[in-house]
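Keep in mind that what you see is a predicted model, and the values were worked out from it rather than measured. Side-chain atoms are counted along with the backbone in the values below, which use heavy atoms only and exclude waters and symmetry mates.
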Amino acid sequence: MLADGATTLRPIRLRDQRAWREVNQRNRDWLRPWEATVPPPPPGHEPPRRPTYRQMVRHLRAEAQAGRMLPFVVEYGGRLAGQLTVAGITWGSMCSGHVGYWIDRSVAGRGVMPTAVALATDHCFRTVGLHRVEVCIRPENGPSRRVVEKLGFREEGVRPRYLHIDGAWRDHLVYALTAEEVPEGLLTRWRRTRPPAPQK
């Protein structure tokens with residue numbers, strides 16, 4: 001478990017199903033424009049079925065055991081408030097991974113997701129041994145871009161038609177950070193610069 005104040009990251013569990021579904025479904029319209037979708041299959045092939053929650057968690061756990069992924073839920077004040085996954089972990093000469101996340105709209109703007117990304121990034125650099133962390137975001141997704149910009153991730157450019165999102169291939173901006181850029185830790189830097197949390 002990784003924590004700072006009221007924000008906690010912990011591994012996703014099968015027993016999170018009810019809370020995860022409630023938060024995800026309540027935020028469906030808010031999240032839909034930014035969520036990954038599966039492109040249409042080639043002619044003659046059946047489209048893949050959307051995985052159940054249990055299938056999703058089992059897949060995430062298998063990827064974690066293989067060293068390719070770190071799947072977390074985000075808790076705020078002890079309640080499930082979102083999800084953060086470090087995926088595409090590559091070793092060898094790269095030692096890199098990319099971060100994806102979503103947050104409950106009701107707690108957006110309180111510094112929860114920047115804190116969660118800082119916790120995960122420090123864990124990747126200091127414990128896991130990665131050298132580089134990337135976050136790829138649609139240019140239109142202002143709130144998500146503000147998360148990484150607040151943390152000081154570098155904008156590196158555009159990847160045209162990078163991911164299938166909301167039913168089409170979408171361009172993404174690439175943000176990145178390497179371990180050398182935050183020798184004191186990203187969370188320490190974020191604590192120094194973050195504004196006071198708004199009142200509930």
Side-chain angles (χ1 to χ4, degrees), residues 9 12 23-43 45-51 56 59-60 63 68-74 81-105 107-121 124-125 130-182 186 189-190 193:
L9 284 180
I12 192 168
V23 175
N24 193 270
Q25 289 174 3
R26 179 162 42 80
N27 287 275
R28 190 93 310 268
D29 291 341
W30 194 53
L31 297 174
R32 185 176 292 115
W34 321 118
E35 286 197 335
T37 46
V38 178
H45 290 75
E46 289 289 323
R49 293 182 179 177
R50 187 178 180 91
M56 176 190 75
H59 169 73
L60 294 175
E63 289 294 289
R68 293 187 292 262
M69 187 178 285
L70 298 169
F72 297 106
V73 293
V74 181
Q83 191 171 350
L84 182 150
T85 303
V86 184
I89 293 175
T90 305
W91 297 102
S93 59
M94 182 170 280
C95 292
S96 177
H98 58 261
V99 175
Y101 48 81
W102 61 265
I103 191 73
D104 186 341
R105 190 176 190 177
V107 300
R110 297 184 189 177
V112 179
M113 194 48 75
T115 302
V117 173
L119 285 165
T121 301
C124 286
F125 289 159
L130 297 184
H131 173 252
R132 173 185 166 94
V133 169
E134 273 188 12
V135 185
C136 297
I137 303 169
R138 286 186 61 185
E140 304 88 348
N141 192 346
S144 190
R145 290 177 62 185
R146 283 193 290 276
V147 168
V148 292
E149 287 165 358
K150 287 175 184 178
L151 293 171
F153 276 71
R154 282 176 291 100
E155 183 181 330
E156 293 189 331
V158 178
R159 288 185 179 159
R161 296 169 298 283
Y162 178 60
L163 288 174
H164 202 269
I165 303 286
D166 193 30
W169 293 104
R170 311 287 186 176
D171 294 352
H172 279 64
L173 291 171
V174 182
Y175 292 86
L177 201 62
T178 60
E180 294 91 344
E181 294 173 87
V182 280
L186 187 55
R189 186 165 79 181
W190 168 235
T193 61

Review point. Got R170 and N141 here, is their nearest side-chain heavy-atom distance under 4.5 Å?
Key: no
Point to revise | Side-chain heavy-atom pair H59, P51 within 4.5 angstrom cut-off | key: no
Review point. With side chains defined as the heavy atoms from C-beta onward, is the minimum distance between R26 and D104 less than 4.5 Å?
Key: yes
Review point. Does R138 reach the side chain of D171, with side-chain heavy atoms less than 4.5 Å apart?
Key: no
Check your understanding: Do R28 and E35 come close enough that some side-chain heavy atom pair is under 4.5 Å?
Key -> yes
**Study point:** side chain to side chain contact (heavy atoms under 4.5 Å, CB included), paired with W190, selected from L119, T121, L151, V182
**Key:** L151
Revision key, fill the gap. Here the ring-ring contact (aromatic ring centres under 6.0 Å, His included) pairs for residues 130-163, sequence neighbours left out, are Y162-H172
Check your understanding: Taking atom CG of D166 and atom NE2 of H164, what is their separation to the nearest 0.5 Å?
Key -> 9.5 Å
Check your understanding: Are side-chain heavy atoms of Y101 and I137 found at a separation under 4.5 Å?
Key -> yes
Give every donor-acceptor pair under 3.5 Å between a side-chain atom in residues 89-100 and any protein atom, sequence neighbours left out.
from, atom 1, to, atom 2, distance (Å)
T90, OG1, G88, O, 3.2
W91, NE1, G67, O, 3.3
S96, OG, R132, O, 3.4

Exercise for review: Over all heavy atoms of both residues, which pair between W102 and V23 is shortest? Give the atoms and the distance, please.
Suggested key: CZ3-CG1, 3.6 Å
Review point. Between V158 and V174, is any pair of side-chain heavy atoms under 4.5 Å apart?
Key: no
